[in-house]
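Computation of the quantities below employed the complete heavy-atom set of this structure, encompassing side-chain atoms and omitting hydrogens, waters and symmetry-equivalent molecules. Being a predicted model, the structure only gives us computed values, none of them experimental. FYI, the numbering just counts along the sequence from 1.
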Amino acid sequence: MFSKIFVLALSIAPLVSAHGKVIVATGDAGGNGTALAIKGGIVPGTGPNSKTEVDTTVFSKTNILSDGLGRTTGSGQNSLNMIVEAMAQSGPTLPQISNGGNISGTFHIVTTDGAGPIQAVLDPTATGKFSQGVPLTVLQQIPGTNGNIAPGKKQQRSLWARALAAAGIMKRAANVNESFDFKFSVPAGTNCTGTVAGMTNVCLVKIANSNKAGPFGGVVPVQIAAAGGAANQQSAAAACARSFQA
């Protein structure tokens with residue numbers, strides 16, 4: 001009888017999924033941004049995973065030095081065009097990083113497998129070629145071990161549920177819905193050469209954990225403050241806003 005229940009459970013078991021995402025990013029020289037594909041307040045913090053995880057970026061490899069922008073369940077494959085929507089939410093100025101400065105922000109742990117530690121790499125070409133990027137040094141880390149964190153008391157599961165999760169039958173990621181600050185330093189002399197949505201001097205920063213269920217995180221467009229002109233930034237941002245509204 002137990003074997004029949006076991007087989008039935010396997011047949012209806014959802015895939016393991018868990019998520020953590022970059023909801024805010026700022027540069028030490030100003031500016032503000034979000035990761036590509038972030039939907040903002042329209043995504044609930046608590047509830048079924050199918051509703052809370054929709055704008056979390058999932059990458060194909062646990063190695064932070066791997067190419068690609070990732071994808072989300074809500075929007076599919078991420079693209080550079082998503083910078084338009086990101087700026088419409090976070091403002092007309094991308095995170096500005098000074099020479100030898102840093103990028104900081106908020107990493108939202110959606111579910112138990114979307115935790116720290118996180119890593120970051122900067123792609124100066126803004127094309128998603130992170131395999132050739134610049135690894136960043138962590139200054140402030142978020143909690144977690146191997147990408148996992150224990151849920152709060154309200155999210156604790158029953159002994160039976162934990163046993164099913166351990167056997168790989170039940171989705172093991174419980175909702176966490178907590179945010180933590182992070183900070184990474186950017187090496188002095190870093191130059192951004194990318195052009196995105198009419199903006200020059202653009203880099204991409206990939207921030208992610210290394211959980212094998214993902215990994216999870218996000219890609220944030222930034223600029224090096226000393227190299228970018230304010231006029232170019234503002235005109236490009238205005239064009240982005242018009243394009244988004246259209």
Side-chain angles (χ1 to χ4, degrees), residues 21-38 40 55 57 59 64-72 75 77-107 118-137 182-208 217-246:
K21 57 188 179 183
V22 182
I23 56 174
V24 177
T26 58
D28 66 295
N32 184 61
T34 69
L36 299 177
I38 289 293
D55 64 344
T57 293
F59 297 103
I64 192 71
L65 299 177
S66 56
D67 295 339
L69 304 178
R71 60 181 293 111
T72 69
S75 301
Q77 194 69 36
N78 289 343
S79 69
L80 291 176
N81 292 333
M82 290 178 173
I83 194 174
V84 176
E85 183 177 352
M87 293 181 73
Q89 294 184 75
S90 58
T93 304
L94 294 176
Q96 303 291 298
I97 301 172
S98 65
N99 185 34
N102 60 74
I103 178 173
S104 60
T106 302
F107 193 94
I118 54 175
Q119 302 176 75
V121 57
L122 181 146
D123 165 26
T125 68
T127 59
K129 293 182 179 179
F130 296 108
S131 61
Q132 302 174 34
V134 180
L136 305 186
T137 301
F182 66 82
K183 182 182 287 187
F184 293 93
S185 64
V186 178
T190 299
N191 292 314
C192 294
T193 61
T195 298
V196 182
M199 289 178 290
T200 57
N201 178 37
V202 179
C203 290
L204 297 179
V205 176
K206 174 184 177 181
I207 301 171
V219 174
V220 181
V222 303
Q223 290 180 310
I224 300 299
N232 173 65
Q233 174 73 46
Q234 293 171 0
S235 62
C240 281
R242 289 194 297 271
S243 174
F244 180 75
Q245 292 170 357

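- Each of Val186, Val220, Ile103 was checked for a side-chain contact (heavy atoms from CB on, under 4.5 Å) with Leu122, and the lone residue meeting it is Val186.
- For Pro187, the side-chain contact (heavy atoms from CB on, under 4.5 Å) partners two or more places apart in sequence, or in a different chain, are Val134, Leu136, Thr190.
- Summarising the geometry of Asn102 relative to Ser185, their closest heavy-atom pair is CB-CA, 4.0 Å, with the distance given to 0.1 Å.
- Not counting sequence neighbours, the partners of Thr127 by the side-chain contact (heavy atoms from CB on, under 4.5 Å) test are Asp123, Thr125, Lys129.
- For Thr57, the side chain to side chain donor-acceptor pair (under 3.5 Å) partners are Asn78, not counting sequence neighbours.
- The heavy-atom pair separating Phe59 from Ile207 by the smallest distance is CE1-O, 4.1 Å.
- The side-chain contact (heavy atoms from CB on, under 4.5 Å) check on Ser79 picks up Asn81, Met82, with sequence neighbours excluded.
- Here OG1 of Thr34 is found 9.5 Å from CD1 of Ile23. Values are rounded to the nearest 0.5 Å.
- Gly128 and Leu69 make their closest contact through CA-CD2, 3.9 Å (heavy atoms, listed as atom of the first residue, atom of the second, distance).
- Between the CE atom of Met199 and the OG1 atom of Thr93 there is a distance of 10.0 Å, given to the nearest 0.5 Å.
- Taking Asp67 as the reference, Ser131 meet the side chain to side chain donor-acceptor pair (under 3.5 Å) condition, with sequence neighbours excluded.
- Between Val196 and Leu204 there is no side-chain heavy-atom pair separated by less than 4.5 Å.
- Of the possible donor and acceptor atoms, one in the side chain of Gln89 sits under 3.5 Å from a partner among the backbone N and O of Gly40.
- Side-chain contact between Phe130 and Leu65 is absent, with no heavy-atom pair separated by less than 4.5 Å.
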Mind running side-chain contact (heavy atoms from CB on, under 4.5 Å) on Val202 and Cys192 for me, showing each step along the way?
-> CA-CA 5 Å; Val202 179; Cys192 294; 5.5 Å; no
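- Closest approach of Leu94 and Pro221 over heavy atoms only: CD2-O, 4.0 Å.
- When the side chain to side chain donor-acceptor pair (under 3.5 Å) test is applied to Ser90, no partner is found at least two apart in sequence or on another chain.
- Within the 4.5 Å cutoff, the side chain of Phe184 has no heavy atoms near those of the Ile97 side chain.
- A donor-acceptor pair under 3.5 Å is absent between the side-chain atoms of Gln96 and the main chain of Ile224, judged by distance alone.
- A distance-only check finds a donor-acceptor pair linking the side chain of Asn99 to the backbone of Gly189 [under 3.5 Å].
- Remark: Ile64 pairs with Gln119, Val121, Lys206, Ala208 by the side-chain contact (heavy atoms from CB on, under 4.5 Å) rule, at least two apart or across chains.
- The side chain to side chain donor-acceptor pair (under 3.5 Å) check on Asn32 picks up nothing, with sequence neighbours excluded.
- Taking every heavy atom of both residues into account, Ala35 and Gly218 meet most closely at CB-CA, 3.8 Å.
- Listed by first and then second residue, the side chain to side chain donor-acceptor pair (under 3.5 Å) pairs involving residues 21-30 are Lys21-Asp55, Thr26-Ser104, Asp28-Ser98 (not counting sequence neighbours).
- When all heavy atoms are compared, the tightest approach of Pro95 to Gly27 is CB-N, 3.6 Å.
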